[in-house]
Amino acid sequence: MFGIEFPLNYHYNREVGHWVPNRDELIHRLLDRRNVGDIDFYREARSGRLNRDEFTALQMYQAETEKLRAKFSADGVLDANERRTLEQRQRELDRLYNTYVGGDYHPRYQVGGYRNGDRMDAAIDQRMINQYGRIYDGIRNGELTYREYNHVDNNLEAISRYRGYAGAYGWNYNPMYKPLVHSALDYNSNLIYDYKHNWERQWLRYFLPVIA
């Protein structure tokens, strides 16, 4: 599809298993004046410009950035290298987003922490992926408003931050973090279900589609 351009103009992002166009800092500043965020993901999922795999890959990349941010912040300080790493990940998220909204890709997200290192818990990773898939389905069929999406997405990012701060990174390993994370995921799963099956709200939106 892309042919020989890949080695020259693209780089491979291992975490989402996809090629992303290179951009120097000047072009990045001109074309990406702001960082992408939740409202972009919601809008493009609603329109269909992001498919389910793209949406999940972007959301998981963002969630794992939050997990890494919490790991870096555990000592109360972000040093220059840590700050640089987080900034690079945000730029990479912007590039992935701009790639995905411009075509129909199906990235296979490689779970497991920052650059496939610091392996965490595969069962928790998979539960998060499943919930993002359910969230995408709810956005596409109109069962989740932006406000509701933002709530359940923020819960998943909070879970990611907790994992980075309290969990499986060796020096601050806490064996109790997994039950707490699973309990939080149970709550968020039920919340997604409740939002998607709010029949009274859905009935009202049929007559008043502007309700959020």
Side-chain angles (χ1 to χ4, degrees), residues 11-20 36-38 41-42 45 50-75 82 85-86 88-90 92-93 95-97 99-100 105-140 144 149-196:
H11 67 277
Y12 189 73
N13 183 293
R14 292 186 298 166
E15 291 170 280
V16 297
H18 193 75
W19 291 88
V20 180
V36 298
D38 295 338
F41 298 156
Y42 180 88
L50 286 177
N51 63 44
R52 199 176 197 262
D53 293 335
E54 293 165 341
F55 176 85
T56 300
L58 291 170
Q59 291 279 190
M60 284 294 291
Y61 191 90
Q62 185 177 53
E64 291 203 351
T65 300
E66 290 303 305
K67 185 169 63 183
L68 190 65
R69 188 189 312 276
K71 174 191 174 183
F72 288 163
S73 302
D75 61 358
E82 292 167 342
T85 296
L86 294 174
Q88 288 171 348
R89 284 181 67 87
Q90 181 60 57
E92 190 76 352
L93 181 66
R95 288 190 287 260
L96 287 164
Y97 170 83
T99 298
Y100 293 159
Y105 304 93
H106 291 273
R108 298 183 59 191
Y109 188 76
Q110 304 298 309
V111 298
Y114 176 62
R115 299 199 182 281
N116 293 324
D118 293 322
R119 180 68 181 173
M120 299 193 82
D121 187 277
I124 294 174
D125 288 334
Q126 192 58 54
R127 289 195 69 186
M128 293 189 66
I129 288 172
N130 292 343
Q131 289 194 17
Y132 276 125
R134 291 170 57 202
I135 290 169
Y136 178 85
D137 294 341
I139 293 171
R140 286 288 292 139
L144 287 180
Y149 152 72
N150 197 48
H151 190 181
V152 292
D153 174 52
N154 283 344
N155 286 346
L156 290 173
E157 290 187 7
I159 290 169
S160 290
R161 285 191 291 273
Y162 176 74
R163 293 176 75 191
Y165 179 78
Y169 281 114
W171 64 269
N172 66 338
Y173 178 73
N174 176 3
M176 290 303 297
Y177 91 94
K178 290 184 181 181
L180 294 174
V181 168
H182 280 292
S183 178
L185 286 169
D186 289 342
Y187 171 81
N188 205 52
S189 178
N190 291 333
L191 191 59
I192 294 170
Y193 179 89
D194 289 342
Y195 282 159
K196 292 178 68 175

Just to verify, what does [X] make a side chain to side chain donor-acceptor pair (under 3.5 Å) with, not counting sequence neighbours?
| X | value |
| --- | --- |
| Asn188 | Gln131, Asn155 |
| Arg127 | His182, Asp186 |
| Asp38 | none |

Any side-chain heavy atom of [X] sitting closer than 4.5 Å to one from [Y]?
| X | Y | answer |
| --- | --- | --- |
| Met60 | Met128 | yes |
| Asp137 | Lys196 | yes |
| His11 | Arg95 | yes |
| Leu58 | Leu50 | yes |
| Ile139 | Phe41 | no |
| Tyr162 | Lys67 | no |
| Tyr97 | Glu54 | no |
| Leu156 | Ile135 | yes |

[X] side, atom [atom1]; [Y] side, atom [atom2] - distance, nearest 0.5 Å:
| X | Y | atom1 | atom2 | result |
| --- | --- | --- | --- | --- |
| Leu185 | Leu191 | CG | CG | 12.5 Å |
| Asn51 | Arg140 | CG | CZ | 9.5 Å |
| His151 | Leu144 | NE2 | CG | 12.0 Å |
| Glu157 | Asn150 | CD | CG | 8.5 Å |
| Leu93 | Asn13 | CG | CG | 10.0 Å |

Geometric cation-pi criterion Arg163 and Tyr177, 6.0 Å radius, 45° cone: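 Geometry flag: not set, cation outside 6.0 Å or 45°.
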
Take Asp53 and Tyr100, measure what side-chain contact (heavy atoms from CB on, under 4.5 Å) needs, and give me the verdict at the end. CA-CA 10 Å; Asp53 293 335; Tyr100 293 159; over 6 Å; no

Can you check whether His106's main-chain N or O pairs, donor with acceptor, with Arg52's side chain at less than 3.5 Å?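 Side chain of Arg52 to backbone of His106, a donor-acceptor pair under 3.5 Å: no, none is there.
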
Report yes if the distance between the aromatic ring centroids of Tyr105 and His18 is under 6.0 Å, otherwise no.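 Yes.
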
Which heavy atom in Glu92 sits nearest to a heavy atom in Val20, and how many Å separate them?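 Scanning both residues, the minimum pair turns out to be OE2-CG2, 4.2 Å.
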
Nearest heavy atoms of Pro107 and Val16, plus distance in Å: CB-O, 3.3 Å

All side-chain contact (heavy atoms from CB on, under 4.5 Å) counterparts of Ala70, not counting sequence neighbours: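 Here the qualifying residues are Arg161, Tyr165.
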
Which residues pass the side-chain contact (heavy atoms from CB on, under 4.5 Å) test with Asn130, not counting sequence neighbours? Gln126

Under 3.5 Å, is there a donor-acceptor pair between the Glu64 and Tyr109 side chains?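 Checked: Glu64/Tyr109 side chains pair up, N/O donor to acceptor below 3.5 Å.
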
Using salt bridge (charged side-chain N to carboxylate O under 4.0 Å, His left out) as the criterion, list what pairs up with Arg134, not counting sequence neighbours.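 Result, salt bridge (charged side-chain N to carboxylate O under 4.0 Å, His left out) vs Arg134: none returned.
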
With sequence neighbours left out, write down each residue that passes salt bridge (charged side-chain N to carboxylate O under 4.0 Å, His left out) with Arg69, or none if nothing qualifies. Glu66

ring-ring contact (aromatic ring centres under 6.0 Å, His included) partners of Tyr132, counting only residues at least two apart: none

Partners passing ring-ring contact (aromatic ring centres under 6.0 Å, His included) against Tyr187 (at least two apart in sequence or in another chain): none

Residue that, paired with Tyr42, satisfies ring-ring contact (aromatic ring centres under 6.0 Å, His included) out of Phe55, Tyr136, Tyr149: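 Going through the options one by one, the only one that passes is Tyr149.
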
